[in-house]
K.L.:
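What follows is a single structure, and I will ask about it in a moment.
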Amino acid sequence: KFLENLTEIRSRVQQAVSSSSGSSKSATLVAVSKYKPVYDIQACFTDGQLDFGENYVQELEDKAKAVSRSCAVNVVMASQHWFVDKPLSFNTGQLYKAIPNLYSVNTSGEDSKSDTKDVAAAELTQLARHIIKECPRLRLQGLMTIGALEQSLNAGDENADFERLKETRDVLIKALAEEFGVGVDKWGEHGRLLLRHGMSSDFEAALKAGSDIVRVGTGIFGARHKK
């Protein structure tokens, strides 16, 4: 059943991207596989899904190793991408040469969000400078937000949280380009900062608003049973 869901979600992603406000006509679909068994991930990988999302580093590493053992290791390591939605410890960070990261911004101001709340563009720029200059194992790739779901469901074609994230991204790009230059291998991708917003309930609205990455878990695998 979940492979049928995956096919449907892919089709909806492509349709939404085609009518998006962004310059890119492609987007990354992250299948959120946390708490799901390895064989579900293996089936999705065999079906061509390359991007998976986890919340816990240890679970990510265990699943990545299991998938590598069951498939051609060189194919998995060259093509599969894993996303983790939790802060990394210092010891974990030391294991990786350079970790692409998306800075999480609480655009809705909701207390329930763990993102940085009501961060000013100047503060965000200061943080970005620090990451670029002082954190060689981190690579600033873009910004992310969850946003308020009612914005997507009730605001028609425009979600204020998504628009706020785009505005923040544009200010940050300008500041980084002036200080570090465009196209350098220090931040973003080819002078762009990626945006990640949108989940199972509102990924189409997010893509139409220009998101580069969307995370879909329940829409593919069904409801999760928490540990």
Side-chain angles (χ1 to χ4, degrees), residues 20-24 26-28 30 51 53 55 57 81-149 151-152 155 158-199 202-203 205-215:
S20 74
S21 61
S23 58
S24 176
S26 64
T28 298
V30 178
D51 300 277
N55 269 39
V57 174
H81 308 111
W82 294 84
F83 296 73
V84 61
D85 259 8
K86 290 287 184 181
L88 298 180
S89 68
F90 176 79
N91 290 336
T92 300
Q94 294 296 307
L95 299 175
Y96 303 95
K97 181 178 180 181
I99 305 172
N101 67 100
L102 302 175
Y103 190 82
S104 184
V105 180
N106 186 347
T107 53
S108 67
E110 295 175 290
D111 292 334
S112 60
K113 301 289 194 304
S114 59
D115 311 349
T116 298
K117 184 176 180 180
D118 299 330
V119 64
E123 296 173 357
L124 186 59
T125 300
Q126 184 178 2
L127 174 64
R129 289 194 182 105
H130 179 80
I131 292 174
I132 293 170
K133 292 180 178 180
E134 306 296 336
C135 304
R137 295 185 184 274
L138 296 178
R139 188 173 188 280
L140 179 62
Q141 192 175 36
L143 304 177
M144 58 178 277
T145 192
I146 295 177
L149 179 59
Q151 281 285 335
S152 292
E158 185 171 298
N159 181 309
D161 292 329
F162 297 164
E163 295 302 316
R164 190 173 299 117
L165 190 70
K166 288 196 293 183
E167 293 168 1
T168 304
R169 183 269 316 269
D170 292 343
V171 171
L172 185 56
I173 285 178
K174 182 178 179 181
L176 295 181
E178 290 176 352
E179 181 166 350
F180 300 103
V182 177
V184 295
D185 190 28
K186 292 184 177 180
W187 61 274
E189 293 189 357
H190 311 294
R192 294 179 62 244
L193 287 174
L194 301 182
L195 294 179
R196 199 211 80 183
H197 41 83
M199 299 188 294
D202 61 355
F203 71 88
L207 290 167
K208 291 177 181 177
S211 183
D212 299 289
I213 305 168
V214 292
R215 300 173 76 254

K.L.:
Out of curiosity, Arg196 CZ to Leu165 CG, how far, rounded to the nearest 0.5 Å?
P.N.:
10.5 Å
K.L.:
Shortest non-hydrogen contact from Ala206 to Gly198?
P.N.:
CB-CA, 3.5 Å
K.L.:
Testing the basics here: between Leu140 and Ala128, what is the closest heavy-atom pair and its distance to 0.1 Å?
P.N.:
CD2-CB, 3.5 Å
K.L.:
The test is side-chain contact (heavy atoms from CB on, under 4.5 Å); show your working for Leu195 and Leu143 and say whether it passes.
P.N.:
CA-CA 5 Å; Leu195 294 179; Leu143 304 177; 4.3 Å; yes
K.L.:
Before giving the answer on side-chain contact (heavy atoms from CB on, under 4.5 Å), spell out for Val214 and Val30 the whole-Å C-alpha distance, their side-chain angles and the decisive distance to 0.1 Å.
P.N.:
CA-CA 6 Å; Val214 292; Val30 178; over 6 Å; no
K.L.:
Is Asp51 close to Ile213 at the side-chain level, that is, under 4.5 Å between some pair of heavy atoms?
P.N.:
no
K.L.:
Rounded to the nearest 0.5 Å, how far apart are CD1 of Ile131 and OH of Tyr103?
P.N.:
7.5 Å
K.L.:
Using the test side-chain contact (heavy atoms from CB on, under 4.5 Å), find all partners of Glu167 that sit at least two apart in sequence or belong to another chain.
P.N.:
none
K.L.:
In chain order, what residues pass the side-chain contact (heavy atoms from CB on, under 4.5 Å) check against Ala175, with sequence neighbours excluded?
P.N.:
Thr125
K.L.:
Can you tell me how far the NZ atom of Lys133 sits from the CD atom of Glu179, to the nearest 0.5 Å?
P.N.:
4.5 Å
K.L.:
What's the spacing between Leu138 CG and Ile132 CD1 if we round to 0.5 Å?
P.N.:
11.0 Å
K.L.:
Is a donor on one side and an acceptor on the other found under 3.5 Å between the side chain of Thr145 and the backbone of Val105?
P.N.:
yes
K.L.:
Is a side-chain N or O of Arg139 found less than 3.5 angstrom from the main chain of Gly188, in a donor-acceptor match?
P.N.:
yes
K.L.:
Nearest 0.5 Å please: distance from the CG atom of Asn159 over to the NZ atom of Lys166.
P.N.:
10.0 Å
K.L.:
Partners of Glu189 by side-chain hydrogen bond (donor to acceptor under 3.5 Å, both in side chains), sequence neighbours excluded?
P.N.:
Gln141
K.L.:
Identify the two heavy atoms, one from Ala27 and one from Ser211, that lie closest to each other, and give their separation to 0.1 Å.
P.N.:
CB-O, 4.3 Å
K.L.:
List the residues meeting side-chain contact (heavy atoms from CB on, under 4.5 Å) with Ile173, not counting sequence neighbours, and say none if there are none.
P.N.:
Arg169, Trp187, Leu193
K.L.:
Looking at Gln126, I'd like to know if its CD atom is crowded, meaning that more than 12 non-hydrogen atoms belonging to other residues, nucleotides or ligands lie closer than 6.0 Å.
P.N.:
no
K.L.:
Residues in side-chain hydrogen bond (donor to acceptor under 3.5 Å, both in side chains) with Lys174, at least two apart?
P.N.:
none
K.L.:
Hey, does the side chain of Lys186 reach the backbone of Leu176 with a donor-acceptor pair shorter than 3.5 angstrom?
P.N.:
no
K.L.:
side-chain contact (heavy atoms from CB on, under 4.5 Å) between Asp161 and His197: does it pass, once the steps are laid out?
P.N.:
CA-CA 9 Å; Asp161 292 329; His197 41 83; over 6 Å; no
